[in-house]
Colleague: 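A single structure is presented below for examination.
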Amino acid sequence: MSRLARPAARLAAGSATLTRRLAARAAAWVRKGRRDDLTGWRAALGCWLRLALLTFGLYLLWRLVRAVPNLLWLLTGCWTLAAWRAGKPPAKATEDTDEDASDEPEENTLGTPDPEAVRTLLLTLMGEASGVHLRTVLAHLQEHGHWEGRTVTDLRAHLARLGVPVDRGVKVAGTPTWGVRRRDLEGPSPAAAQEPSTAPSTAA
C-alpha cells in the first residue's frame, strides 16, 4: 500500500490541477463573448452562446461514449496521463522561484507596482496589432490563474492607477471597445511620465 500512496497522491493532485485549469480556460473563453460596447442582456448574448456551445459539446461527447463504450478507456487513459504530468511536484521550487518569475513576463499578474512591466505585458499581448482590448488582457490573466472573479472595470481602474492610458474606442478586429493603443505605450513610459522633474527651476 505504501508503494501506491505516492503515485495515487500525484494522480489526485494532478486531477485537481487539471480540473481547475480546464474550468478556468472554459470560463475565460465564455467571458470573451461579452460585448463591452453594449449594455444589458445584449452585452451577454455572446457569453450565453458560448456556454450553449460548451454544453452541446459535452452532450455530444456523452452520446459518443454511450454509442462507443470502449472510447471511455481511451478518454480515461488520456486523462490519467495528463493528470500524471500535471501532478508532477516542482523540482527545486525554492531555488527556481526567482528564475521562473523572471523568465515568464507574459504571465504577469498586473499586481506589480512597476508600470514598465505592465507596459511590456500589454505590448506582448498586442503582437502586431495597433492595440489590445481589456477583455483580451483579462482573459489572458485568468487563463494563467490570475485575476479570478475580476472584471474589465476592475482592470481599467487598475491600469488607470498605474498611469496606463485606456480608451473606450480602441478598435481591434473591427470591434471598438475598452482597450489600450500601441501609440500610447510607445511614447514615454508611464513610470517616466509619473516621475517628478529633478531639474532645477529657472524661474526667478
Side-chain angles (χ1 to χ4, degrees), residues 8-90 100-101 104-111 118 121-122 124-127 129 131-159 170 172-180:
R10 176 171 173 174
L11 284 175
S15 294
T17 300
L18 198 57
T19 300
R20 287 194 301 269
R21 288 177 182 174
L22 291 175
R25 290 178 181 178
W29 183 73
V30 170
R31 278 191 291 267
K32 282 184 180 180
R34 183 174 180 83
R35 295 281 300 274
D36 295 323
D37 55 327
L38 299 176
T39 58
W41 61 271
R42 292 182 180 85
L45 279 179
C47 296
W48 286 109
L49 177 59
R50 294 189 179 206
L51 184 60
L53 288 175
L54 282 178
T55 304
F56 184 64
L58 291 175
Y59 171 74
L60 288 180
L61 180 60
W62 174 74
R63 290 295 302 269
L64 186 60
V65 171
R66 289 290 301 271
V68 187
N70 288 335
L71 183 62
L72 190 60
W73 290 102
L74 177 61
L75 295 176
T76 302
C78 291
W79 179 272
T80 302
L81 179 60
W84 181 261
R85 290 178 176 176
K88 182 179 180 180
D100 293 341
E104 299 181 0
E106 40 296 321
E107 293 189 20
N108 193 293
T109 65
L110 289 184
V118 176
L121 172 65
L122 294 173
T124 299
L125 293 178
M126 285 181 194
V132 63
H133 287 161
L134 294 189
R135 64 188 179 193
T136 301
V137 179
L138 182 62
H140 170 84
L141 294 172
Q142 292 175 341
E143 284 174 1
H144 291 85
H146 307 307
W147 279 63
E148 291 296 331
R150 310 290 286 277
T151 65
V152 169
T153 302
D154 297 329
L155 179 58
R156 189 170 73 240
H158 184 72
L159 291 176
V170 176
V172 178
T175 302
T177 186
W178 284 104
V180 180

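Nothing here was measured: the structure is a model prediction, and the numbers come from that model.
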Colleague: Pair up each side-chain donor or acceptor in residues 11-22 with any protein partner under 3.5 Å, not counting sequence neighbours, and list the distances.
Modeller:
residue, atom, partner, partner atom, Å
Ser15, OG, Leu11, O, 2.9
Ser15, OG, Trp79, NE1, 3.3
Thr17, OG1, Ala13, O, 3.0
Thr17, OG1, Arg20, NH2, 3.4
Thr19, OG1, Ser15, O, 2.8

Colleague: Distance from Thr80 atom OG1 to Leu75 atom CG, nearest 0.5 Å?
Modeller: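 CG of Leu75 is found 10.5 Å from OG1 of Thr80.
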
Colleague: So, for Arg10 and Gly87, which heavy atoms are closest and what is the spacing to 0.1 Å?
Modeller: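 Result for this residue pair: CG-O, 3.4 Å.
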
Colleague: Please tell me if the side chains of Leu121 and Leu141 come closer than 4.5 Å, counting only heavy atoms from C-beta onward.
Modeller: yes

Colleague: Measure the spacing between SG of Cys47 and CH2 of Trp29 and express it to the nearest 0.5 Å.
Modeller: 10.0 Å

Colleague: Which donor-acceptor pairs under 3.5 Å do side chains of residues 53-70 form with protein atoms, sequence neighbours excluded?
Modeller:
residue, atom, partner, partner atom, Å
Thr55, OG1, Leu51, O, 2.9
Tyr59, OH, Arg63, NH1, 2.7

Colleague: Determine whether a donor-acceptor pair (N or O, by modelled atom type, separation under 3.5 Å) exists between the side chain of Arg150 and the backbone of Leu155.
Modeller: no

Colleague: Any chance you could measure Arg50, atom CZ, to Leu45, atom CG, to the nearest 0.5 Å?
Modeller: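 Interatomic distance, Arg50 CZ to Leu45 CG, rounded to 0.5 Å: 12.5 Å.
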
Colleague: Please test His158 against Val118 for side-chain contact (heavy atoms from CB on, under 4.5 Å), starting from the C-alpha separation and ending with a verdict.
Modeller: CA-CA 11 Å; His158 184 72; Val118 176; 5.7 Å; no

Colleague: Just wondering, more than 12 heavy atoms not from Arg25 lying within 6.0 Å of its CZ?
Modeller: no

Colleague: Show the numbers, then the answer: is there a side-chain contact (heavy atoms from CB on, under 4.5 Å) between Val172 and Met126?
Modeller: CA-CA 10 Å; Val172 178; Met126 285 181 194; over 6 Å; no

Colleague: Answer whether the closest heavy-atom distance between the side chains of Arg135 and Arg35 falls below 4.5 Å.
Modeller: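 In short, these two side chains touch, coming nearer than 4.5 Å.
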
Colleague: Tell me, please, which residues at least two apart from Ala52 pass side-chain contact (heavy atoms from CB on, under 4.5 Å).
Modeller: none

Colleague: Kindly compute the distance separating CD (Gln142) from NZ (Lys32), expressed to the nearest 0.5 Å.
Modeller: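 Reported to 0.5 Å precision, the distance equals 10.5 Å.
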
Colleague: Measuring from Leu134:CG to Thr153:OG1, what's the distance to the nearest 0.5 Å?
Modeller: 9.5 Å

Colleague: Less than 4.5 Å apart, any side-chain heavy atom of Val152 and any of Thr177?
Modeller: no

